[in-house]
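Reviewing the structure listed below.
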Amino acid sequence: MNTANKTFAAKYNVTLVEGSDELGDKLNESGKLNHYTNQVYLVFFKCNWQEGEIIKAMNAGKMTEAEQGRNALLRYANEGLVALETLKSYKNDPSLANTCKKVMQFYKTTAEKDIPKQTDFFLKKENFEKIKKNFEAKSAKDRTKADVDAFNAAVKDVNQASNDYNYSVQNLNKTRIEVINSWNEAERKFKDDHTPYYKK
């Protein structure tokens with residue numbers, strides 16, 4: 001706004017008188033608040049976006065992309081935690097940064113523990129499909145005890161991986177909703193608490 005005022009004044013030969021007024025002071029304070037919240041939001045956004053890309057990759061069965069995304073998510077979460085440690089609180093209110101730290105811990109745990117469980121299922125499923133194809137390619141009379149044992153072990157393995165996958169996805173979805181809701185509420189409250197209001 002300040003730049004627009006100066007540009008307008010220069011264009012139309014208007015002399016601006018420097019001074020302080022309530023609206024200008026509040027706009028200046030709002031700019032500082034936005035700068036701070038944008039710094040914290042960028043930390044949140046990188047991880048939030050990256051997790052979305054991982055989910056897309058897994059839904060498409062692209063495990064290499066999911067693993068690359070997992071590594072990026074872990075890196076962004078760790079970088080975010082470091083950035084938040086060095087970021088000073090806004091007007092002695094660390095609430096937004098503290099909530100963002102909790103979100104970063106969630107994404108870090110997701111990258112380290114939850115996503116590997118989910119990708120493990122897809123790898124075991126792929127392995128099972130190969131074993132099943134080879135098993136079914138042989139006639140019943142040509143199957144050895146070792147073939148049957150290997151097939152049964154693969155069935156057991158993929159079933160357990162499926163159960164782990166389903167539990168992990170449900171738990172992760174529940175926790176994600178809680179974490180994102182907590183973030184949204186903290187961001188809303190932080191802005192509400194610190195936005196200067198102008199009264200005419």
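Numbers here are sequence positions counted from 1. As the structure is a computational prediction, the values presented were derived from the model and not from experiment. Only this structure's heavy atoms are used, side chains among them; waters, hydrogens and symmetry mates stay out.
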- request: Looking only at non-hydrogen atoms, find the nearest pair between P116 and A111 and report the distance.
  value: CD-O, 3.5 Å
- line: What one should report as the nearest heavy-atom pair of Y41 and E187 is CD1-OE2, 3.8 Å
query: Rounded to the nearest 0.5 Å, what separation is found between the CZ atom of F44 and the CG atom of L42?
result: 11.5 Å
query: Looking only at atom types and distance, does a side-chain atom of N159 sit under 3.5 Å from a main-chain N or O of V155, one as donor and one as acceptor?
result: yes
Contact summary for I131 and A150, nearest pair of heavy atoms: CG2-O, 4.3 Å
message: Quick check: closest heavy atoms across R143 and E136, and the distance to 0.1 Å?
response: NH2-CA, 3.8 Å
query: Can you find a heavy atom in the side chain of L96 that is under 4.5 Å from one in the side chain of K191?
result: no
message: Taking E178 first and then K174, would you say they form a salt bridge - that is, a charged N and a carboxylate O separated by under 4.0 Å?
response: yes
task: Determine yes or no for a side-chain-to-main-chain donor-acceptor pair under 3.5 angstrom, with D147 supplying the side chain and T144 the backbone.
output: yes
query: Are L74 and V43 linked, directly or through other ILVMFWY residues, by side chains that come within less than 4.5 angstrom of each other?
result: no
- prompt: Taking all non-hydrogen atoms of both residues, which atom of S89 and which atom of Y36 are closest, and how far apart?
  reply: CA-OH, 3.9 Å
task: Look up atom NZ in K88 and atom CD in Q39, then write down how far apart they are to the nearest 0.5 Å.
output: 11.5 Å
query: Does some side-chain heavy atom of V169 sit less than 4.5 Å from a side-chain heavy atom of Q118?
result: yes
message: Please report the interatomic distance CD(E29) to NZ(K26), rounded to the nearest 0.5 Å.
response: 10.0 Å
- request: Group every Ile, Leu, Val, Met, Phe, Trp and Tyr by side-chain heavy-atom contacts under 4.5 Å, then state whether L87 and F45 land in the same group.
  value: yes
message: If you apply the rule side-chain contact (heavy atoms from CB on, under 4.5 Å), what do you find for E85 with K101, and how did you get there?
response: CA-CA 9 Å; E85 283 300 320; K101 284 178 192 175; 3.2 Å; yes
- prompt: Counting only N and O atoms by type, is there a donor-acceptor contact under 3.5 Å from the side chain of T175 to the main-chain atoms of L172?
  reply: no
statement: So CG of L81 and SG of C100: to nearest 0.5 Å the spacing works out to 8.5 Å
- prompt: Considering only heavy atoms from C-beta outward, does the side chain of K102 approach that of Q105 to under 4.5 Å?
  reply: no
task: Indicate yes or no: does K117 engage D164 in a salt bridge with an N to O separation below 4.0 Å.
output: no
query: Got a donor-acceptor contact below 3.5 angstrom from the N127 side chain to the L123 backbone?
result: no
Heavy-atom closest pair, residues L84 and A97: CD1-O, 4.1 Å
field: Close side-chain approach of Y76 to E79, heavy-atom, < 4.5 Å
entry: yes
task: Spell out, as yes or no, whether a donor-acceptor pair under 3.5 Å connects the side chain of T7 to the backbone of T3.
output: yes
task: Measure the spacing between CG of L33 and CG of N38 and express it to the nearest 0.5 Å.
output: 9.0 Å
- request: Decide yes or no for F106 and W183: does some side-chain heavy atom of the first lie under 4.5 Å from some side-chain heavy atom of the second?
  value: no
Side chain proximity check, I115 to L73, heavy atoms < 4.5 angstrom: yes
- request: With sequence neighbours excluded, tell me which residues meet side chain to side chain contact (heavy atoms under 4.5 Å, CB included) with S162.
  value: F121, N166
task: Side-chain contact test, heavy atoms from C-beta onward, threshold under 4.5 Å: evaluate it for N173 versus Q170 and give yes or no.
output: no
- prompt: NZ of K133 to NZ of K130: how many Å apart, nearest 0.5 Å?
  reply: 10.0 Å
query: Who are the salt bridge (charged side-chain N to carboxylate O under 4.0 Å, His left out) partners of E67, not counting sequence neighbours?
result: R70
query: Hey, mind stepping through E185 and N181 against side chain to side chain donor-acceptor pair (under 3.5 Å) and telling me if it holds?
result: CA-CA 6 Å; E185 177 58 23; N181 285 344; over 6 Å; no
field: Expected output: side-chain T37 to main-chain N34 donor-acceptor under 3.5 Å
entry: yes
field: K125 atom NZ: more than 12 heavy-atom contacts under 6.0 Å
entry: no
query: If two hydrophobic side chains count as joined below 4.5 Å and joins carry through other members, does Y167 share a cluster with V158?
result: no
Solution key, residues 46-64 side-chain donor-acceptor pairs under 3.5 Å, sequence neighbours excluded:
unit_1 : atom_1 : unit_2 : atom_2 : d
N48    : ND2    : Y107   : OH     : 3.0
E51    : OE1    : R176   : NE     : 3.0
E51    : OE2    : R176   : NE     : 3.0
E51    : OE2    : R176   : NH2    : 2.8
E53    : OE2    : K56    : NZ     : 3.1
N59    : ND2    : I55    : O      : 3.3

message: Parallel, tilted or perpendicular: which one describes the rings of F135 and F151, with boundaries at 30° and 60°?
response: parallel
